[in-house]
Amino acid sequence: MAGENRIKRIRNIGIIAHIDAGKTTLTERMLYYTGKTHKIGEVHDGQATMDWMPEEQERGITITSAVTTCFWKNKEIHIIDTPGHVDFTIEVERSLRVLDGAVGVFCAVGGVEPQSETVWHQADKYKVPKMAFINKMDRLGADFLRAVDQMRDRLAVHPLILTIPNGAEDEFNGVFDVIAQKWIVWDQETQGAEFQLLEVPEEKRDEVAQAREELFEALADADDRFMELYLEDEGAIEEKEVHDAIRRACISLRGVPIFAGSALKNQGVQPLLDAIGRYLPSPLDVPPVTGTHPETGEEISFPSKDDAPLSALAFKVQMDGGRKMTYVRVYSGVLEAGAEVWNPGKRCKERAARILQMHANKRERLDEARAGSIVAVMGLKNAATGDTLCNREHPILLEPIETYKPVISIAVEPKTVGDQEKVEGVLKKLEEEDPTFKVRFDEETGQTIISGMGELHLDIIVHRMTREFNLPVNVGKPQVVYRETIQKEVTVEERFDREIAGSRQTAGVVVTVSPRERSAGNLVRSAVAPDSLPEGYLDLMVETLEQGLEGGVVRGFPMIDVLVELKEVEFDENHSTDIACRAAASQALKKALEQADPILLEPMMQIEVVTPEQFMGDIIGSVNARGGKVEEITARGPVQVIRAIAPLSRMFGYSTELRSLSQGRATFTMVFSHYDPVT
């Protein structure tokens, strides 16, 4: 029971948002008010505790998700501060995979911005209960209710507004607690650590009472038990019943508690901390993690208890002074320092040499990590992002973490020839850390090509090579990562018949290729009866066909959205070998792809430009000139929002052009949308 009480007190949460919404600033306040830090680190001064990488401090953005633990009112809160920039989407994806709850931070001026939409939907995909903090209420143009309306429209949330701001912009002064009907005012001399609960001013009472009435109506819609109380006697509902209903609505994803404040001005953070403990789930409140048995494939799950078999997921790998550190979420059982664990995906043993409780880049050694914990582990040699750790006697394979395909490449080469091996070694380490970063060697040009999610992503990789590994490199111009596909169905019959090492080897195959819908992915399947060939031959041929799609026939880029069917295999017991079968399949696929009207595809980007109205004409002209297509223009308070689709190949250097067109006042974000034929 003691173990269960401990797990009940744990909250594993992530702070998610668009770039510059104030996630890291909010996290710094949380750490200060919970006593984890003794001074507030500011992002704009490069002093934020959670932004510990030199690149993060210089640029004032979060690049890598940092993990920390703090305590608030008997709750143990594990916080992951995630990046907001689209180039680092994988950091958010893998964090959300292991979290039980999330706090979305929205700018009261910008409202729901493109990347906040992306990360919110990522959290929806993993069914993560969420709450929202509408930040920057002190900023010019702040509008709390407009931000809530945008959340309702764009994110399809059912808002449960628990604090409303008192004023906005220069006049923002504290928040009203909708349930308790109190005015909370923060003391700036103590940097918001102290606050007072005051009576609501006379002129605001109707507004706050109305907000309470609307909250009760929204809760009645979201929670059946509360609806019964509400219909019986609204006046007799106790505060505890309201909090319980909000918790049920939040955990069941039927409501999103919403708070107002200004993290930079130290206002509104403590009610949010209370709410994290009160409404977001503990590991016991979410369904136990499910996986499959590595041998039988049957679905199994272990409860979130210390005495259950071990199941843990490695969700992030980081190089730490040249050594590998793996971040792990323990779902069930106990992971002990020095213990041997089983990696069912790689089918190998691993040793958890040391277990560390992380606070950004500072650490504390632990003897063990129990169910519900998020820790860093040293000594796991083979574990990569998405690998499962368990006991060999009770194996379980958890669902891996989805990764994204890179869309942009550059060539890198060492400044001196002698450093080539070092460069390869460092890039291999960085590739282990980041599943969206890929390295390949181009045989034709002799160049090392690195690929990533955007210009900033690759720029930071190159900076890290210089700073962390003392390996400056020369960098080529960015190149777009194209794809290829086909436009019609083709069936090809191919025969392989050769003499190899003095013996005749033959095989015949019939292969059909056909296009699939865009974004459907590749599918290779066989219509051949497995017992018509020696054991293992069919698997080898399917594998050969899958590998054949990795290089297309137009310019050698990977094929996408292609269905390949192995229809027939002509097999001669005396002369057919696995080599002949694979060679025939490979040749048939190449011929079929060449005859199926292959085309080149390029990545198209979803662009959002936020600009003052007077620059709109020039900006629309510049988007059109770069091959973009404007889809929508909407007003957002004093600014206009232009949404467009444009080819990535034409968007390099656009931020510089946009600055000069708008006197530095417009901003833009770019998210991968889909692949389209090259025009």
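As a basis for the values below, the full set of heavy atoms in this structure was taken, side chains included, without hydrogen atoms, waters or symmetry mates. On a predicted model such as this, the values are computed, not experimentally measured, just so you know.
- Residues Val609 and Val641 fail the side-chain proximity criterion, which asks for heavy atoms closer than 4.5 Å.
- More than 12 heavy atoms of other residues, nucleotides or ligands lie within 6.0 Å of CD in Glu217, so this atom counts as buried by the packing criterion.
- Judged purely by distance below 3.5 Å, without hydrogens or angles, the side chains of Gln270 and Trp186 pair a donor atom with an acceptor atom.
- A donor-acceptor contact shorter than 3.5 Å links the side chain of Arg29 to the backbone of Ala263.
- Side-chain contact between Leu280 and Cys250 is present, with at least one heavy-atom pair separated by less than 4.5 Å.
- Side-chain atoms of Arg225 never come within 3.5 Å of backbone atoms of Ala220 as a donor-acceptor pair (strictly under, hydrogens ignored).
- Not a single salt bridge (charged side-chain N to carboxylate O under 4.0 Å, His left out) links Arg11 to another residue, sequence neighbours left out.
- Ring centers of Trp183 and Phe195: at least 6.0 Å apart, outside the cut-off.
- For the residue pair Leu99 and Val128, the shortest heavy atom distance occurs at O-CG2, 4.3 Å.
- Residues forming a salt bridge (charged side-chain N to carboxylate O under 4.0 Å, His left out) with Lys130 (at least two apart in sequence, or on another chain): Asp124.
- Between Ile246 and Leu219 the shortest side-chain heavy-atom distance falls below 4.5 Å.
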With side chain to side chain contact (heavy atoms under 4.5 Å, CB included) as the criterion, how do Ile251 and Val286 come out once you've worked through the C-alpha distance, each side chain's angles and the decisive distance to 0.1 Å? CA-CA 8 Å; Ile251 291 173; Val286 291; 5.5 Å; no
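- Nearest heavy-atom pair, Ser262 versus Phe133, reported as atom, atom and distance to 0.1 Å: N-CZ, 4.1 Å.
- A distance-only check finds no donor-acceptor pair linking the side chain of Ser662 to the backbone of Phe615 [under 3.5 Å].
- Residues passing the salt bridge (charged side-chain N to carboxylate O under 4.0 Å, His left out) test with Glu632, sequence neighbours excluded: Arg643.
- A salt bridge links Asp149 with Arg152; the closest basic N to acidic carboxylate O contact falls under 4.0 Å.
- In summary, Glu199 and Arg205 do not engage in a salt bridge, as defined by a charged side-chain N under 4.0 Å from a carboxylate O.
- Expressed to the nearest 0.5 Å, how far CD of Glu76 lies from SG of Cys70 amounts to 9.5 Å.
- Here the closest heavy-atom approach between residue Gln150 and residue Val112 is recorded as OE1-N, 2.7 Å.
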Might you work through the side chain to side chain contact (heavy atoms under 4.5 Å, CB included) test for Phe106 and Trp120, ending with a clear yes or no? CA-CA 11 Å; Phe106 297 87; Trp120 194 269; 3.7 Å; yes
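- Atom CG of Asp244 sits about 9.5 Å away from atom OH of Tyr279, to the nearest 0.5 Å.
- Using a 3.5 Å distance cut-off with no hydrogens or angles, the side chains of Gln188 and Asn266 do pair a donor with an acceptor.
- Atom-to-atom distance recorded for Met651:CE and Met604:CE is 10.5 Å, nearest 0.5 angstrom.
- Here the closest non-hydrogen pair linking Ile7 and Pro283 is O-CD, 3.4 Å.
- Looking at Leu273 and Met30, their side chains come closer than 4.5 Å, going by heavy atoms from C-beta outward.
- Here the closest non-hydrogen pair linking Ala245 and Asp223 is CB-OD2, 4.0 Å.
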Residues Ile184, Leu197; criterion side chain to side chain contact (heavy atoms under 4.5 Å, CB included); working and verdict: CA-CA 5 Å; Ile184 312 174; Leu197 284 178; 3.6 Å; yes
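- In this structure a side-chain-to-backbone donor-acceptor pair under 3.5 Å is present from Gln267 to Gly174.
- Counting heavy atoms from C-beta on, the side chains of Val242 and Glu238 never come closer than 4.5 Å.
- Closest of all the heavy-atom pairs between Ile164 and Ala260 is C-CB, 4.4 Å.
- Here the side chains of Ile77 and Trp72 are in contact, with some heavy-atom distance below 4.5 Å.
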Would you sort out whether Ile79 and Thr69 count as a side chain to side chain contact (heavy atoms under 4.5 Å, CB included), showing the intermediate values? CA-CA 6 Å; Ile79 302 174; Thr69 301; over 6 Å; no
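- Remark: the His243 side chain and the Glu241 side chain contain no N/O donor-acceptor pair separated by less than 3.5 Å.
- Remark: the Tyr675 side chain and the Ser519 side chain contain no N/O donor-acceptor pair separated by less than 3.5 Å.
- Side chain of His158 to backbone of Ala218: a donor-acceptor contact under 3.5 angstrom is found.
- Between Phe216 and Tyr230, the ring planes lie perpendicular to each other; the angle is over 60°, past the 30° to 60° tilted range.
- Distance OG1/Thr27 to CD1/Ile15: 4.5 Å, rounded to 0.5 Å.
- Counting heavy atoms from C-beta on, the side chains of Cys107 and Asn135 never come closer than 4.5 Å.
- Under the salt bridge (Lys or Arg N to Asp or Glu O under 4.0 Å) rule, Asp285 has a single partner from Lys8, Arg248, Arg247, which is Arg247.
- Atom CG in Leu162 sits 11.5 Å away from atom CZ in Arg212 (nearest 0.5 Å).
- Between the side chain of Glu608 and the main chain of Ala644, no donor-acceptor pair closer than 3.5 Å is present.
- By the neighbour-count criterion of 12 heavy atoms within 6.0 Å, atom CD of Glu203 is densely surrounded, having more than that number from other residues, nucleotides or ligands.
- At a threshold of 4.0 Å, the pair Lys73-Asp274 counts as salt-bridged, since one of the basic side-chain nitrogens sits closer than that to a carboxylate oxygen.
- Taken from CG in Leu160 to CD1 in Ile179, the straight-line distance is 9.0 Å, to the nearest 0.5 Å.
- Under the 4.5 Å side-chain criterion, counting only non-hydrogen atoms from C-beta, Val269 is in contact with Tyr33.
- Glu631 contributes no side-chain N or O that, together with a main-chain N or O of Ile645, makes up a donor-acceptor pair within less than 3.5 Å.
- Donor-acceptor pairing under 3.5 Å is recorded for the side chains of Asn12 and Asp100.
- The closest donor-acceptor contact from the side chain of Asn166 to the backbone of Asn173 lies under 3.5 Å.
- Arg9 contributes no side-chain N or O that, together with a main-chain N or O of Lys75, makes up a donor-acceptor pair within less than 3.5 Å.
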